[in-house]
Amino acid sequence: MSYLSVIERYREHYIEIYPLLESLIHALVEHENWQRQPNTAFVALCRCYSFAELAYVLNKEGLQVSANITSKGEYLKGEGVSRANRPYFTALEGSDISVVITEPYISLATGNLCVSVMMKSSLSDIESQYVVVDINLCKLIEYVMGDRSRGRFSGVFKAGYSVIVVSLFTLVIVLVYNVCIDISQLLFNLGVNNDPLKPFGIIIFITLALSIFDLGKTILEEEILMHKDIFRHSSTRRTITRFISTILIAISIEALLTMFKASLGQSEYSTPALLMMISVIGLLIGLGVYVFLGAKAELMLVEAQHQRNQKAT
């Protein structure tokens, strides 16, 4: 997922995410092996909370007094680094807040977009120590949205779309090759019993190649190169709009060419040209209504979510 999309989702579902992360940090601190074998405790936690990726401990001065513990139970360097100026430490120090969750940031340890959840240890044999867990924000959003299973198959989906795109572009090359042959024949036989409608046939092939190329380009951008948030109506609306726009351009050009044929004396093309133009107008009106209503419905959903979050806070 794109970072902007992840952060936007995080803001929308913060009310639901906060108690989830609060339960995570409590479960870690209260684990029976946390004091003796913190790596074992953290690995056990990660089995339930797959989005937790790093854990460490700070003293009351904000100095890291433990190594970085990964979700696999490995120890990484980090001990002795001062975290006193970090927002989560300054927010929790000297306050009555039990758990602090940071704003999203890029982790220096993993390079992933993450948030940190911090809690002051309440065990009697530990004095003023703070437990910090780094959360992989992308995995967290996938977990909250129930999108983990689909994410596992994203590579397969992209491979399938890649095959389709390659096939479409191959067909475009074949059409362009045939167009080049027809144009060369038309030029070399210029003035020798040429069919006046042959250039229109060439234009039809060019238009078809253009439409197929645009379709392949749309699939390449929407399904392979760009992140597509299927939970957003805007993503689906953008894909449909681009696809229908490609069809509109192709039909419009075909209708125009058919009208030219009718104007050259072939009156049988008049009715098909008129019907195609009516189809273009109908598609254009339908697309406009769809985009307007879709955008309005999404705006209403966003406003409702925003009001719900305000009431919850």
Side-chain angles (χ1 to χ4, degrees), residues 1-13 141-142 144-147 149-151 153-154 156-169 171-172 175 203-259 269-310:
M1 298 176 68
S2 66
Y3 283 174
L4 289 177
S5 178
V6 170
I7 294 174
E8 186 179 3
R9 285 294 184 183
Y10 173 72
R11 306 247 188 252
E12 287 182 6
H13 298 281
I141 297 304
E142 288 179 354
V144 172
M145 301 297 295
D147 199 31
S149 298
R150 188 185 67 87
F153 290 93
S154 61
V156 178
F157 296 152
K158 288 187 177 182
Y161 280 119
S162 298
V163 172
I164 294 174
V165 169
V166 171
S167 301
L168 290 173
F169 286 162
L171 183 58
V172 170
L175 288 173
I203 295 176
I204 290 174
F205 279 112
I206 294 175
T207 305
L208 184 60
L210 176 62
S211 302
I212 296 175
F213 181 83
D214 281 341
L215 178 60
K217 177 174 172 288
T218 299
I219 296 175
L220 178 64
E221 292 176 344
E222 295 286 339
E223 305 294 346
I224 300 176
L225 300 180
M226 296 173 57
H227 166 70
K228 184 177 180 180
D229 190 349
I230 63 171
F231 296 99
R232 291 284 185 199
H233 296 285
S234 56
S235 298
T236 304
R237 189 168 63 250
R238 183 185 67 226
T239 302
I240 293 178
T241 301
R242 295 186 64 180
F243 180 73
I244 297 298
S245 298
T246 302
I247 296 177
L248 278 172
I249 294 173
I251 297 179
S252 299
I253 295 176
E254 294 297 333
L256 186 61
L257 293 177
T258 306
M259 283 186 172
Y269 287 105
S270 300
T271 301
L274 180 61
L275 293 176
M276 280 192 287
M277 291 304 298
I278 294 175
S279 300
V280 169
I281 295 172
L283 280 174
L284 191 59
I285 293 174
L287 180 62
V289 172
Y290 170 75
V291 171
F292 174 76
L293 294 180
K296 188 175 181 180
E298 186 174 10
L299 181 61
M300 293 173 62
L301 290 174
V302 171
E303 290 177 349
Q305 178 70 30
H306 181 66
Q307 292 176 0
R308 188 170 66 88
N309 291 340
Q310 285 184 332

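Quick note: numbers below take in every heavy atom, side chains included, and nothing from hydrogens, waters or symmetry partners.
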**Study point:** Test side-chain contact (heavy atoms from CB on, under 4.5 Å) applied to Ile240 - qualifying residues, sequence neighbours left out
**Key:** Thr236, Ile244, Tyr290
Review point. Sequence neighbours excluded, which residues qualify as ring pair (Phe, Tyr, Trp, His ring centres under 6.0 Å) partners of Phe169?
Key: Phe213
So, for [X] and [Y], which heavy atoms are closest and what is the spacing to 0.1 Å?
X	Y	answer
Val280	Ser252	CG1-OG, 3.4 Å
Thr258	Ala273	CG2-CB, 3.7 Å
Leu168	Ile212	O-CG2, 3.6 Å
Ser162	Ile224	OG-CD1, 3.5 Å

Review point. Does the pair Met276 and Met259 meet the rule for a side-chain contact (heavy atoms from CB on, under 4.5 Å), with working shown?
Key: CA-CA 10 Å; Met276 280 192 287; Met259 283 186 172; over 6 Å; no
Gap between atom [atom2] of [Y] and atom [atom1] of [X] - 0.5 Å precision:
X	Y	atom1	atom2	value
Ile7	Ile141	CD1	CD1	10.0 Å
Thr207	Leu175	OG1	CG	11.0 Å
Ile206	Ser211	CD1	OG	12.0 Å
Phe205	Leu210	CZ	CG	15.0 Å

Point to revise | Matching residue for Ile281 among Leu283, Ile285, Leu284 - test: side chain to side chain contact (heavy atoms under 4.5 Å, CB included) | key: Ile285
Exercise for review: Walk me through it: do Glu8 and Arg11 pass the test salt bridge (Lys or Arg N to Asp or Glu O under 4.0 Å)?
Suggested key: CA-CA 5 Å; Glu8 186 179 3; Arg11 306 247 188 252; over 6 Å; no
**Study point:** Derivation of the side-chain contact (heavy atoms from CB on, under 4.5 Å) call for Leu287 and Ser245
**Key:** CA-CA 9 Å; Leu287 180 62; Ser245 298; 4.1 Å; yes
